[in-house]
Structures are given as structure tokens and as C-alpha cells.
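What follows is a single structure, written as C-alpha cells, with notes after it.
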Amino acid sequence: MLGFLALALLQTAPAQTAPAGPPQWTTREATDAATAKKSMTAMIRAADGTGRLLVRCDTASVPIVSIQFLPKPGLPAMDLVTATATFDEAMAINSTWQVVGGGAYNAEVADVWDMVNRIAKAKTIRLTIVKPDDSVTESTFVGPGDDSKFRQVYAACGIPFETPPVPVNPKPR
């Protein structure tokens, strides 16, 4: 009798769901209804919910690809910050990012190109920003495994996915 009761309880118990895997990179394309300008974003959330990392194409005035970090909670108002991106806990690069609306972004063509290529090859990406009060905002993200989503973002902007040309500075006379 107890065996039948146990069997009945097992059959009516809710099924156990497997734990969700690590967050995955996604892409999203949008068009502004008023201007018909397009944007495209490749994005991932940190597994611990501390932020999002985006590679974004905006075509509002001039097509531009940027890397954006949207931490939770947001960043305080400040001008520029140095962000450290660490790839697979081995290679780290510093670059200057602008802070707007609680998030930080870098739209320098060469910086973005370099970081996008490193992100595409990395298994983990850790982004760290030291705030003016010396506190640290940090998130870790999984790498996408390849550059296909970033190629889509560059294509949406009409920008070739290739090493940007080095600006030529004329020599003073």
C-alpha cells in the first residue's frame, strides 16, 4: 500500500528542471519608427546578474560600433573611467571609457576592434571599472566562441569587419 502511495506521489510531483546553462550571446536588431535608422546589438548578461556587455551598432547620425558595459547597480555620474578588460584571466588591456546614464562605453574605432576580436576568442571576459571613490564595479562574462555575432553587428552598420586603417598624421613642416 505504501509503495502505491509513493508511486502516486512521484507521478504527481513537479518535474525537476535541469539548471540553466551559462548565459549565451544574443543579437537584437531594431529600427527607430520615426527615423527608420537601424541598430543592432550583440549582448550577454553576467551569470551572477552584475551587468551586461554589449557590442552595438548605432546608425543615428554616423554608423558607429561601440562596446558598452551596463553594470547593476549603475555607475555614478563621472566623465571618463579606465576600464580593464581581462581575457581568460591572462591578457588584460586598459582603455578609456565614457560614462553615460549609469553605463560605460568605448567607441574608439581601434579600441573597439581590438576588444571585439579578443572577446570573440576568449572563454571568459572580466570587465573592471574603479570608481572615483575607489570602489570597484566588476562583471565576468562568457565568450561567444566565435566572431559571427560581431560580424552581424558590423554589417548592420555597413562597416567592414576588418582591421581599421591607421590614421595618417601629417608630419609637421
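Since the model is a prediction, treat every value here as computed from it, not as a measurement.
Within the 3.5 Å criterion, the main-chain N or O of Lys37 finds a donor-acceptor partner in the side chain of Thr35. For Asp32 (side chain) and Ala34 (main-chain N/O), a donor-acceptor pair under 3.5 Å exists by modelled atom type. Under the 3.5 Å distance criterion, the side-chain polar atoms of Trp25 are matched with a main-chain donor or acceptor of Val142.
With 3.5 Å as the limit, one finds a donor-acceptor pair spanning the side chains of Thr137 and Lys131. Residues Thr41 and Arg28 have side chains that never bring a donor and an acceptor to within less than 3.5 angstrom of each other. For the residue pair Thr82 / Asn94, no side-chain donor-acceptor distance below 3.5 Å is found, with atom types taken as modelled.
Note on Met43: it does not cluster hydrophobically with Ile67, by side-chain heavy-atom contacts below 4.5 Å among ILVMFWY residues. When the side chains of ILVMFWY residues are joined at heavy-atom separations under 4.5 Å, either directly or via intervening members, Val130 and Val100 end up in two distinct hydrophobic clusters. Hydrophobic clustering of Ile, Leu, Val, Met, Phe, Trp and Tyr side chains at less than 4.5 Å, counting indirect connections, keeps Phe141 apart from Leu54. Following chains of ILVMFWY side-chain contacts shorter than 4.5 Å, one can reach Ile44 starting from Phe87, so the two form part of one hydrophobic cluster.
With sequence neighbours left out, Thr59 forms a side-chain hydrogen bond (donor to acceptor under 3.5 Å, both in side chains) with no residue at all. In this view, Glu89 and Arg126 satisfy the side-chain hydrogen bond (donor to acceptor under 3.5 Å, both in side chains) rule, not counting sequence neighbours. Checked against ring-ring contact (aromatic ring centres under 6.0 Å, His included), Phe69 has no partners two or more places apart in sequence or in another chain. Judged as a side-chain hydrogen bond (donor to acceptor under 3.5 Å, both in side chains), and not counting sequence neighbours, the contacts of Tyr105 are Gln98.
Aromatic rings of Trp113 and Phe161 (six-membered ring for Trp) have centroids within the 6.0 Å cut-off, being under it.
The existence of a salt bridge linking Lys149 and Asp147 is excluded, since no basic side-chain nitrogen approaches an acidic carboxylate oxygen closer than 4.0 Å.
With a 4.5 Å cut-off between side-chain heavy atoms of Ile, Leu, Val, Met, Phe, Trp and Tyr, the cluster of Val62 takes in none.
The stretch residues 27-64 participates, sequence neighbours left out, in these disulfide (SG to SG under 2.5 Å) pairs: Cys57-Cys157.
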